Amino acid sequence: MKRNYIYSCLLATALTTASCSSSFLDVEPVTDVLENNFYKDVADAEMALVGCYDGYQRTVSNGSLSFNVASDVLSDQVFGATGNTDSRAYQVLDRFSQAEAPSENNLFDGTWKDYYAAIYRCNVLLTKLDETDFSTDPEARIRIEGETKFLRALLYFDLVRLFENIPLLVEPSTENIPQANPKETYDLIVSDLEFAAESIPVTAYPKAKASANDGRATTYAAKSLLARVYLFYSGYYHKDDLAVSKAEVLAGLEDVINSGEFSLVDDFLSLWPASSYIPVNEDNTLDRSRYAGEGNREVVFAQKFTSTQDYNGNNDGNRWLVMLGLRGVNASPYGQGWGAGTVSKNFVTQFAKNDTRKGASIIDIEAEGIVGFDLSDQREYTGFAIKKYTPTSLPDGTSNTGGQKDFQISQDQDFFVIRFADVLLMAAELGSGNAQNYFDRVRKRAYKDSFSSLAATKINILNERKFEFAFEGIRYWDLLRQGLESAATSLAFSESVLSGSAEDKVVITRENFLSTRGFMQIPNNQITLSDGVLIQNDGWK
């Protein structure tokens, strides 16, 4: 039977050259190549590797429901929102209930296709390495294999967290295979990350050359991601049966910390464009001097985006970011978007008054004097929006990102997959002998002169992560790994909002969440195309 339900890309779409300026991913396809005349030498393998990075970028850059946005909507920090007359697709996620929009049973169809397309690219490259001539650079082979396996691990980690039960492909295939036991998927992820950590040279992509190689997988990124995988798996499944021990994971984090490659930036707000940009009205410009920039010393691994996307198939812009923008309003430095992910008032009140992360993370619409907001067009309005990841604009409302200056496709803000703060807090949580020091370092930046020490207990560390990584696609997975009952307690609540200027209430129940065990609906299209080989997850049948 043909494997119709996994989208396979032609090799020609996966291969690009890396000749443009801003990063190795700021590229456009320049030629068509076929599998039978490719993979001859190191240059071909490098080009195919860029195609794998491009595949990862495309998982969230083509307008599909992105993993990054879904991770926030599923959390206890934001609501689905969007426009008042839009489909209730995001409410399906927010409430863990198909009843919110029964016809929306393919929410993740594009996501599924894009992730498997990217995995396909990785698998093709891995199977072709043995027939590629690396005689001119023998060391390149193991590095390229390491980077490719890192990307495959990251892609599978996103998928297994979203759906749990997924087909597991380790080579290019058209077979219609059933879903694997999640343990098999985690075993592959761990194996790939361990290989990446051992195989990518420390000197391959130094921070000192971030302007040229930011976004590349490194041994440090692999060790950091392995810790995140370990914490999620061991927490959610209450098992310690992965082929890597807690001690080994912690040792990897200590290697990252002691490498000298990373540190915390001085001011939290400098990590985010919208938090650090200052409009200069008289010149119609933005003062960006406070912005730490892409590839700054805190970034361990980033998903790269550029402003050169167009509507002709070149997908490299940060399109998911636009979903979180203020609906229909340009309020420089903030640019307009589609109004998803309104921030819970309950969460806003949980920030301490002297926590500098609050103002850097959240747009307070009333306090910041934003006018022209059309309440009749906004669902689940709370008065608060995400600031970390929101479009930016010039004072006159036009896009400041370059490219076609189209607010939908020209957003170029990178997504920080792993920050050094996360490395510090994961090491503290895993019981490092320096746990208190690591915990204090993160909190000292947040509280500045108001800092007072707090014991580095697991409860306190997990609570600190709630504020440190708000709206970074981490909170929901942190909740799940604390256990389903604990997660249900945090997720189940109600809050009064405004939808179309009218009073409304968001109600999230324990029962709906627990029925899904925290996992998402497998797209109905994929189940149909598989002739029923794929089985829908509990809570979505």
Side-chain angles (χ1 to χ4, degrees), residues 7-10 12-18 20-29 49-73 90 107-122 151-152 154-155 157-159 162 214-217 273-274 294-295 299 301-325 335-338 340-341 386 388-392 399-417 471-473 523:
Y7 179 86
S8 297
C9 286
L10 294 174
T13 68
L15 302 174
T16 57
T17 58
C20 296
S21 57
S22 68
S23 79
F24 75 98
L25 270 179
D26 188 8
V27 296
E28 304 293 354
L49 176 58
V50 171
C52 293
Y53 280 101
D54 178 67
Y56 172 55
Q57 180 191 68
R58 285 169 179 253
T59 61
V60 295
S61 63
N62 66 1
S64 298
L65 173 60
S66 79
F67 177 86
N68 304 344
V69 171
S71 295
D72 282 334
V73 170
Y90 278 34
L107 290 175
F108 289 103
D109 195 44
T111 306
W112 184 280
K113 293 176 183 177
D114 292 338
Y115 268 82
Y116 275 108
I119 289 169
Y120 178 83
R121 295 184 184 194
C122 294
L151 290 170
R152 185 172 69 175
L154 179 55
L155 291 160
F157 186 42
D158 286 354
L159 284 176
L162 269 180
D214 184 39
R216 288 278 194 173
E294 299 178 353
V299 181
F301 185 73
Q303 188 175 39
K304 300 293 293 180
F305 299 98
T306 70
S307 63
T308 58
Q309 181 162 332
D310 57 37
Y311 290 107
N312 297 316
N314 298 310
N315 295 330
D316 53 21
N318 191 335
R319 291 195 70 175
W320 65 267
L321 186 84
V322 183
M323 290 303 305
L324 305 175
Q336 65 176 313
W338 301 124
I386 294 172
K388 284 182 178 177
Y389 290 106
T390 198
T392 54
S399 172
N400 65 291
T401 56
Q404 296 188 356
K405 295 189 176 181
D406 182 315
F407 85 96
Q408 294 192 73
I409 63 174
S410 298
Q411 303 300 325
D412 61 355
Q413 182 181 347
D414 293 344
F415 177 67
F416 297 154
V417 179
F471 323 125
E472 296 182 49

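Quick caveat, the model's predicted, so the values are computed rather than measured.
- Considering W320, F415, Y115 as possible partners of F67, the one that fulfils the side chain to side chain contact (heavy atoms under 4.5 Å, CB included) test is Y115.
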Does the pair M323 and I386 meet the rule for a side-chain contact (heavy atoms from CB on, under 4.5 Å), with working shown?
CA-CA 11 Å; M323 290 303 305; I386 294 172; over 6 Å; no
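- Atoms CG and OG, from L324 and S66 in turn, are 7.5 Å apart once rounded to the nearest 0.5 Å.
- Within the 4.5 Å cutoff, no side-chain heavy atoms of P391 are placed close to those of F407.
- At a threshold of 4.5 Å between non-hydrogen side-chain atoms, the residues R121 and D54 count as touching.
- In this structure, the side chain of D316 does not engage the main chain of F305 through any donor-acceptor pair within 3.5 Å.
- In this structure, the side chains of Q411 and R319 stay at 4.5 Å or more apart for every pair of heavy atoms.
- From N315, atom CG reaches atom OG1 of T59 across 11.0 Å, with rounding to the nearest 0.5 Å.
- Here the shortest heavy-atom pairing between F416 and A302 reads CD2-CB, 4.2 Å.
- Nearest heavy-atom pair across S410 and S307 is O-CB, 3.4 Å.
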Given the rule in the side-chain contact (heavy atoms from CB on, under 4.5 Å) test, do L159 and Y116 qualify, once you have shown the distances and angles that lead to the verdict?
CA-CA 9 Å; L159 284 176; Y116 275 108; 4.0 Å; yes
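- Of all heavy-atom pairs spanning Y90 and A340, the tightest one is CE2-CB, 3.7 Å.
- A donor-acceptor pair is defined here as one N or O able to donate and one able to accept, closer than 3.5 Å; such a pair exists between the side chain of Y53 and the backbone of A217.
- Under the side-chain contact (heavy atoms from CB on, under 4.5 Å) criterion, Q413 pairs with W272, P273, N318, L321, Y389, not counting sequence neighbours.
- Between V417 and Q303, the closest side-chain pair of non-hydrogen atoms falls below 4.5 Å.
- For T111 (side chain) and L65 (main-chain N/O), a donor-acceptor pair under 3.5 Å exists by modelled atom type.
- Screening I409, D406, N314, N62 against Q309 for a side chain to side chain contact (heavy atoms under 4.5 Å, CB included) leaves a single residue, I409.
- A heavy-atom distance below 4.5 Å is found between the side chains of D414 and D214.
- The CZ atom of F471 lies 13.5 Å from the OG atom of S71; values are rounded to the nearest 0.5 Å.
- The structure places CD1 of I119 at 5.0 Å from CG of L155, a figure rounded to the nearest 0.5 Å.
- Nearest heavy-atom pair across T401 and S399 is OG1-OG, 2.9 Å.
- The two residues V322 and Q336 have their closest heavy-atom pair at CG1-O, 4.3 Å.
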